Amino acid sequence: MSITPFNIPIIPKLKRETILSLAKRGTRIDKRRLDQYRPIKLTLGVAGKAHGSALAEIGNTKVMAGVKVEVGRPFKDLPEMGVLNVNVELLPLASSEFEPGPPDENAIELARVIDRALREPGVVDLSDLVLIPGEKVLVVWLDIYVLDHDGNLFDAAMLAAMGALLNTKVPGYEVREDGSVEVTGPPRPLPVTKRVVSVTIGILGNVFLVDPSLEEEVVSDGKLVFAFDEGGKLVGLQKSGPAWLDLDRAGPAFNLAYSKYKELLDVLEKSIAENSPK
Amino acid sequence: MSITPFNIPIIPKLKRETILSLAKRGTRIDKRRLDQYRPIKLTLGVAGKAHGSALAEIGNTKVMAGVKVEVGRPFKDLPEMGVLNVNVELLPLASSEFEPGPPDENAIELARVIDRALREPGVVDLSDLVLIPGEKVLVVWLDIYVLDHDGNLFDAAMLAAMGALLNTKVPGYEVREDGSVEVTGPPRPLPVTKRVVSVTIGILGNVFLVDPSLEEEVVSDGKLVFAFDEGGKLVGLQKSGPAWLDLDRAGPAFNLAYSKYKELLDVLEKSIAENSPK
Amino acid sequence: MSITPFNIPIIPKLKRETILSLAKRGTRIDKRRLDQYRPIKLTLGVAGKAHGSALAEIGNTKVMAGVKVEVGRPFKDLPEMGVLNVNVELLPLASSEFEPGPPDENAIELARVIDRALREPGVVDLSDLVLIPGEKVLVVWLDIYVLDHDGNLFDAAMLAAMGALLNTKVPGYEVREDGSVEVTGPPRPLPVTKRVVSVTIGILGNVFLVDPSLEEEVVSDGKLVFAFDEGGKLVGLQKSGPAWLDLDRAGPAFNLAYSKYKELLDVLEKSIAENSPK
Amino acid sequence: MSGKESPVPLLKDGKRHDGRGPMDLRPIEMKIGILHNADGSAWLKIGKTEVVAAVYGPREPPMKGMVLPDRAVIRCRYHMAPFSTEERKNPAPSRREIELSKVIREALEATILTHLFPRTVIDVFVEVIQADGGTRTAAITAASLALADAGIPMRGLVAGVAVGKVQGKLVLDIDELEDMYGEADMPVAGIPTLNKIVLLQLNGVIEPHEFPQALKMAWEGIKKIHALQKKVLATKYGGEQ
Amino acid sequence: MSGKESPVPLLKDGKRHDGRGPMDLRPIEMKIGILHNADGSAWLKIGKTEVVAAVYGPREPPMKGMVLPDRAVIRCRYHMAPFSTEERKNPAPSRREIELSKVIREALEATILTHLFPRTVIDVFVEVIQADGGTRTAAITAASLALADAGIPMRGLVAGVAVGKVQGKLVLDIDELEDMYGEADMPVAGIPTLNKIVLLQLNGVIEPHEFPQALKMAWEGIKKIHALQKKVLATKYGGEQ
Amino acid sequence: MSGKESPVPLLKDGKRHDGRGPMDLRPIEMKIGILHNADGSAWLKIGKTEVVAAVYGPREPPMKGMVLPDRAVIRCRYHMAPFSTEERKNPAPSRREIELSKVIREALEATILTHLFPRTVIDVFVEVIQADGGTRTAAITAASLALADAGIPMRGLVAGVAVGKVQGKLVLDIDELEDMYGEADMPVAGIPTLNKIVLLQLNGVIEPHEFPQALKMAWEGIKKIHALQKKVLATKYGGEQ
């Protein structure tokens with residue numbers, strides 16, 4: 001069951017007015033342009049026992065992602081496919097609003113939006129993760145760990161997720177004659193076939209703010225998350241929050257997001273390049 | 001742990017007095033005789049993806065039941081028997097008193113009373129649901145869905161359950177040589193060997209009210225649920241609620257229930273006849 | 001998450017002062033010496049359907065332990081070892097402070113301290129509990145049932161646990177040619193290789209009280225639990241509660257505990273001797 | 001009622017598998033005041049079935065709002081020790097335990113004078129130490145003793161016993177074997193001094209004419225158990241012989 | 001979007017597997033006031049997808065403190081019957097159901113005049129009786145009808161439908177087969193009288209130029225569904241033809 | 001302590017498998033103020049073990065009634081990232097995490113001046129990012145730094161380290177390999193400026209005479225770690241060199 005958040009501080013109406021009036025002049029509280037991201041940083045290989053990991057920072061927002069690859073069973077209806085599980089933890093470290101406990105609807109929504117944006121375009125080639133068809137496959141656990149929440153968790157989580165997947169080395173599993181599986185060979189990169197990034201737009205009335213900070217999110221009506229693959233195809237989309245959107249503003253929102261996705265892709269590419277063996 | 005319900009509206013004592021004084025004159029708030037059911041209706045085949053389903057209505061009370069048949073494992077101590085699972089959901093749609101969440105003690109009691117009334121007389125021939133003894137059997141999931149609660153959920157649920165079982169077509173499972181199970185043959189009816197109905201009597205002091213409405217249940221001390229098979233054998237019995245019952249009133253209560261079970265059986269038979277291929 | 005207990009009666013400061021001033025004179029509210037246990041009693045074979053059981057009493061504290069041995073799977077990384085599970089239930093019967101529900105942090109801490117004191121010195125020879133290596137082993141369930149809480153649950157639980165293990169007869173499992181396991185042979189004693197007891201010391205400021213009663217625990221800062229095997233090796237240790245301990249008082253605490261463990265060992269030995277066939 | 005055949009005959013020459021006649025109860029032992037902390041407690045053994053009951057209260061509710069303005073709230077837990085059964089029972093409450101906690105609570109609500117203690121909670125906790133048939137009726141019998149031991153006013157003591165049907169014949173106080181391989185199990189509990197039934201269930205199949213007969217047999221058993229209850233209370237508290 | 005091939009062609013000679021053209025909705029039936037206890041209720045069938053919605057409130061919060069000082073709290077549950085799907089669905093809420101409950105609640109928050117009912121709760125419960133594609137948009141359409149039936153003031157009725165992509169072509173109101181073997185599923189819900197989008201998601205892959213196109217198709221569907229909503233309300237309540 | 005043999009010798013020519021002597025700590029790095037939202041935070045790496053700690057408070061309780069009239073309530077969570085271990089760890093709290101959260105909370109209760117903040121809550125959250133032995137003592141050392149960073153008054157900084165026994169010899173600051181194949185692991189935490197022990201556990205078997213010896217070794221380690229804590233605080237806040 002989903003319930004209107006009621007345990008929240010009162011929304012500062014004055015702040016909303018300020019942000020709206022700044023927006024009319026094309027600027028924001030932190031001096032950014034309406035279509036400007038905060039500084040973005042992606043660091044790969046931040047957790048040594050993970051098979052792959054990354055830390056994404058957008059402004060003060062910090063999201064870590066870690067990948068573990070294990071042997072498991074395929075889904076009954078997909079016997080020749082490995083398994084990808086995406087989990088998000090909104091850690092209580094990250095915000096005074098986050099309480100310890102199992103993932104709530106916000107964590108689940110975040111995980112599922114990222115899951116779809118990875119799964120639908122086939123970012124991980126799951127057909128390449130089969131050991132014994134119908135019996136044993138590789139299960140990829142992608143755990144997204146939100147450490148510091150200063151707004152725009154979707155884009156940071158997406159970036160961390162892609163970074164971690166691209167950083168992942170799969171242990172060299174081999175199937176023995178008796179059907180047992182052992183790690184014998186050298187590790188190999190996870191088969192990642194595409195790169196995906198997301199662009200989030202905050203909605204305040206008729207104003208669009210790219211990469212909303214927490215301060216901006218709190219007074220927003222909601223947001224739109226667009227996920228793109230490296231070729232610019234739309235591979236995910238989510239209206240999140242109680243906002244409504246004018247029918248004729250959907251196109252402009254899409255165009256705004258489309259104009260930004262390459263920036264994030266560049267961050268991703270750069271960090272991979274820095275990280276790859278020379 | 002069971003707790004006296006404490007989150008309930010105060011019981012209207014005046015209403016109780018009214019019902020009691022009407023009962024002395026042999027009648028009820030809705031003009032029924034003390035031993036009279038509200039109109040009963042049973043519709044089969046109401047949920048297309050279920051293998052069997054039914055909607056039972058008693059007055060304004062509406063209970064749906066749906067059956068799904070799946071391949072599963074037998075119980076360890078009953079390797080040559082299929083499995084029957086009965087589950088009840090008191091949906092929040094059905095009453096302002098029902099909250100979303102896992103089945104509470106009321107839902108569990110209801111499910112278990114119906115389960116026993118089906119299991120003990122062998123209503124479903126579980127020995128006819130074995131694919132590979134000890135390994136693979138058919139599992140019958142009987143999900144009872146309470147949609148509108150205007151009293152006497154037991155009888156409505158029992159009727160919906162029997163209707164759904166009698167409406168069930170089991171997929172034509174076949175065991176291959178390699179032990180795998182596939183749907184190949186034509187569906188066949190679920191082996192239902194008996195018909196069972198229940199008769200519920202509300203207890204208010206020394207007054208018995210057959211088929212109590214919600215209004216009557218709220219002011220009652222409790223109820224007695226008697227389940228009978230088509231031959232009139234007693235196949236289930238439950239005192240529910242904090243009522244007590246005079247030792248010498250147990251016989252009359254039984255006789256009252258016994259005098260009514262054929263009415264419900266008739267409803268069941270009629271709906272089956274209407275539904276069967278001509 | 002662990003939370004400072006806040007649903008507790010206010011700690012009686014006067015009582016604390018009384019206990020401290022008595023302690024200065026070397027005595028206690030119930031006239032015991034500072035290093036004196038209350039009467040200890042251990043009765044074996046108290047629960048007929050358990051494979052082994054015992055009831056330990058220390059003063060008014062009553063703890064039962066029951067063992068069930070079942071066939072199960074070994075841990076993946078320990079294919080040639082049986083499994084020992086230790087579970088503690090702080091029953092609501094035992095104290096007005098215990099609420100029904102899954103084990104809380106106190107029950108879990110108690111279970112884990114006992115588990116370690118049994119596991120680390122190899123009290124149960126798990127290598128002797130293997131039926132088919134990597135496939136089927138014996139699983140020993142040790143359920144500790146706290147019936148009456150008058151302080152010092154650790155020592156009573158440890159004693160009940162050891163008593164129950166020593167009382168356990170393992171059903172005579174045999175592996176058939178087809179890999180199935182059946183009970184055919186005569187039962188045999190559980191392979192228990194060592195005896196372990198614990199000695200608990202209550203800490204009030206600089207005062208140590210052996211075997212604190214509930215009255216003493218309530219005003220204490222915490223306690224130290226030392227577990228010893230029959231040879232006097234230290235096989236477990238836990239500071240429990242928010243107390244601190246002077247660095248130079250740790251040695252004296254250890255020595256005090258060490259001076260007492262044989263008393264408990266004697267109780268254990270005596271009850272085994274009484275129980276063994278003559 | 002498992003559909004399987006019993007390993008031993010359940011009736012032979014008018015005797016049951018353990019030598020009892022059809023109307024014989026198993027040997028019963030009862031004790032009260034066995035726990036230190038509880039306000040009232042009782043231990044009951046009938047055959048190999050063994051239960052412990054404890055009562056706390058009337059007391060403040062454990063949680064704000066868990067009260068009624070005109071009477072006490074009863075909390076009741078029927079729970080089985082993991083080692084009380086043939087196979088280890090997971091200590092998390094099963095659906096069976098949840099149902100039985102409810103029917104036992106409702107049985108006790110009928111006898112406790114709850115209106116004397118508005119805005120309080122009375123807790124009844126029962127643990128099954130060994131389960132060999134008839135645990136719910138043993139639980140309610142012990143709970144009633146523990147309530148009396150706690151000094152909580154009741155309309156009357158509650159006692160319970162099950163009547164079963166084995167090889168076509170009604171028998172009193174069935175044990176686990178008779179329950180498992182018999183045709184029916186009808187647990188009954190009541191207040192014999194008031195001739196009131198407070199618990200009534202049936203698991204199995206009986207003929208219409210057997211219902212009054214089974215009830216009558218149960219009541220005979222209940223009266224015998226009630227006499228033992230009175231005796232154990234008198235031993236501790238005197239009076240009410 | 002399973003990566004597997006469809007057992008039947010999803011498009012053939014411009015017709016879909018069930019004979020519809022790309023812009024055809026499935027047959028739709030709606031009823032309101034179908035439940036006795038709920039303050040408002042609705043039943044909706046679109047193709048083989050079937051949902052029931054009930055509304056309770058505005059009413060006291062079920063739990064102290066679950067209120068807002070300036071408006072109503074909305075509680076929303078999207079839930080699937082265990083027998084509504086190909087394989088039996090566990091009735092415990094899945095991650096999918098939790099997400100959909102959230103997006104449906106957020107969609108309704110945009111239209112309900114919550115500020116008229118401070119310190120109250122409005123409950124919207126939807127059960128999927130049969131799932132054959134488009135259940136979330138069916139749920140929101142039915143929920144909106146149930147809200148109207150309960151007399152809860154809204155800025156406008158909400159209607160929803162999904163646009164899908166099959167064999168490279170956008171089609172309206174996809175069913176389960178088209179969802180499973182198609183390339184994309186874009187559910188949209190909105191208030192057609194105000195031209196406001198309140199729900200927008202995408203599961204799958206589309207080209208940039210297809211986004212405005214898909215949205216336009218969805219809106220055509222939404223307007224048709226909205227016309228049916230008005231009709232069923234008018235039949236009961238008159239007016240607003 | 002798994003009973004299995006180590007793949008490498010744990011001691012050879014007086015050196016440990018990683019080249020350390022018996023009294024050598026692993027390399028340690030500490031940082032404070034690494035998180036934006038938390039009132040205080042710290043990051044600590046010792047060998048390959050890596051933890052992050054955050055502190056919120058003193059603040060209003062998250063739930064009415066979760067307060068004490070005379071002091072602050074401490075909430076403490078020790079939690080491992082799913083990717084911090086050899087096999088993926090389920091993020092739901094394990095029994096081990098529940099116990100460690102308790103002993104860490106109790107250790108911190110001894111040093112925080114909780115009576116200065118009645119009716120408030122102080123939250124201490126620790127995440128293990130990489131687990132290679134000594135995570136609980138790393139957690140408590142980092143938590144103490146985060147508390148200092150949050151400006152919460154303490155009787156003294158807490159530092160912790162484990163002493164282990166490998167191949168019959170006591171060694172300081174064991175790593176995971178030494179823990180797994182060694183004979184004992186005795187974690188100790190304390191306030192070195194006051195000579196107070198606040199955490200003390202033993203997992204394994206030691207001789208009676210080894211207990212004081214192990215404690216002495218731990219205290220040497222604790223003093224060294226404490227010196228590093230002071231240094232990192234001084235770098236940010238000056239003073240207390």
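Keep in mind the model is a prediction, meaning the values are calculated, not measured. Below, chain A is the first sequence line, B the second, and so on; all start at residue 1.
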Interface residues of residues 100-115 of chain D facing chain B - non-hydrogen atoms under 4.5 Å apart:
Ser101(D), Lys102(D), Val103(D), Arg105(D), Glu106(D), Ala107(D), Glu109(D), Ala110(D)

What residue in Leu245(B), Asp104(B), Asp248(B) has the most heavy-atom pairs under 4.5 Å with chain D?
Leu245(B)

Minimum side-chain heavy-atom gap Leu10(D)-Tyr181(D) below 4.5 Å
yes

For the CD1 atom of Ile74(D) and the CD1 atom of Ile122(D), what is their distance to the nearest 0.5 Å?
4.5 Å

Should Arg116(B) and Glu99(D) count as an ion pair when the cut-off is N to O under 4.0 Å?
yes

Heavy-atom side-chain proximity of Phe83(D) to Gln130(D) below 4.5 angstrom:
no

Axial cation check for Phe117(D) ring with Arg59(D), 6.0 Å and 45° limits
no

Which atoms of Arg96(D) approach chain B - backbone, side chain, both or neither, heavy atom under 4.5 Å
both

Between Phe254(B) and Phe226(B), what is the ring plane arrangement, given parallel below 30°, perpendicular above 60°, and tilted in between?
perpendicular

So, do Leu129(B) and Val83(B) sit near enough that their side-chain heavy atoms are less than 4.5 Å apart?
no

Minimum heavy-atom separation for Glu105(B) and Met1(B), please, with both atom names.
OE1-O, 4.3 Å

Salt bridge check, Glu97(D) against Lys89(D): does any charged N sit closer than 4.0 Å to a carboxylate O?
yes

Can Lys196(D) and Asp246(B) be counted as an ion pair, charged N to O under 4.0 angstrom?
yes

Close approach to chain B in residues 209-222 of chain D, criterion heavy atom under 4.5 Å
Phe211(D), Leu215(D), Trp219(D)

Among the options Ile191(D), Ile206(D), Asp70(D), Leu199(D), pick out the one with the most heavy-atom pairs lying under 4.5 Å from chain B.
Ile206(D)

Can you tell me which portion of Pro208(D) sits under 4.5 Å from chain B's heavy atoms? Options are side chain, backbone, both or neither.
both

What residues of residues 230-243 of chain B make heavy-atom contacts with chain D at a cutoff under 4.5 angstrom?
Gly232(B), Lys233(B), Leu234(B), Val235(B), Gly236(B), Leu237(B), Gln238(B), Lys239(B), Ser240(B), Gly241(B), Pro242(B), Ala243(B)

Measure Leu126(B) against the heavy atoms of chain D and call it side chain, backbone, both or neither at under 4.5 Å.
neither

Which bit of Phe125(D) is near chain B, if near means a heavy-atom gap under 4.5 Å: side chain, backbone, both or neither?
side chain

Which atoms of Val67(D) come close to chain B, meaning under 4.5 Å heavy atom to heavy atom: side chain ones, backbone ones, both, or neither?
backbone

By side-chain hydrogen bond (donor to acceptor under 3.5 Å, both in side chains), which residues pair with Asn106(B), not counting sequence neighbours?
none

Please tell me if the side chains of Met162(B) and Leu118(B) come closer than 4.5 Å, counting only heavy atoms from C-beta onward.
yes

For Lys194(B), I'd like to know if atom NZ has over 12 heavy atoms of other residues, nucleotides or ligands within 6.0 Å.
yes

Out of Asp123(D), Val198(D), Val124(D), Val121(D), which one racks up the most heavy-atom pairs below 4.5 Å with chain B?
Val198(D)

Do the side chains of Met81(B) and Pro74(B) get nearer than 4.5 Å, heavy atoms only?
no

Please determine, among His79(D), Met186(D), Gln201(D), the option with the most heavy-atom pairs under 4.5 Å with chain B.
Gln201(D)

Quick one: do the Asn87(B) and Glu89(B) side chains pair a donor with an acceptor below 3.5 Å?
yes

Distance-only polar pair, side chains of Tyr56(D) and Asn37(D), donor-acceptor under 3.5 Å:
no

Salt bridge between Arg112(B) and Glu109(B), side-chain N to carboxylate O under 4.0 Å?
no

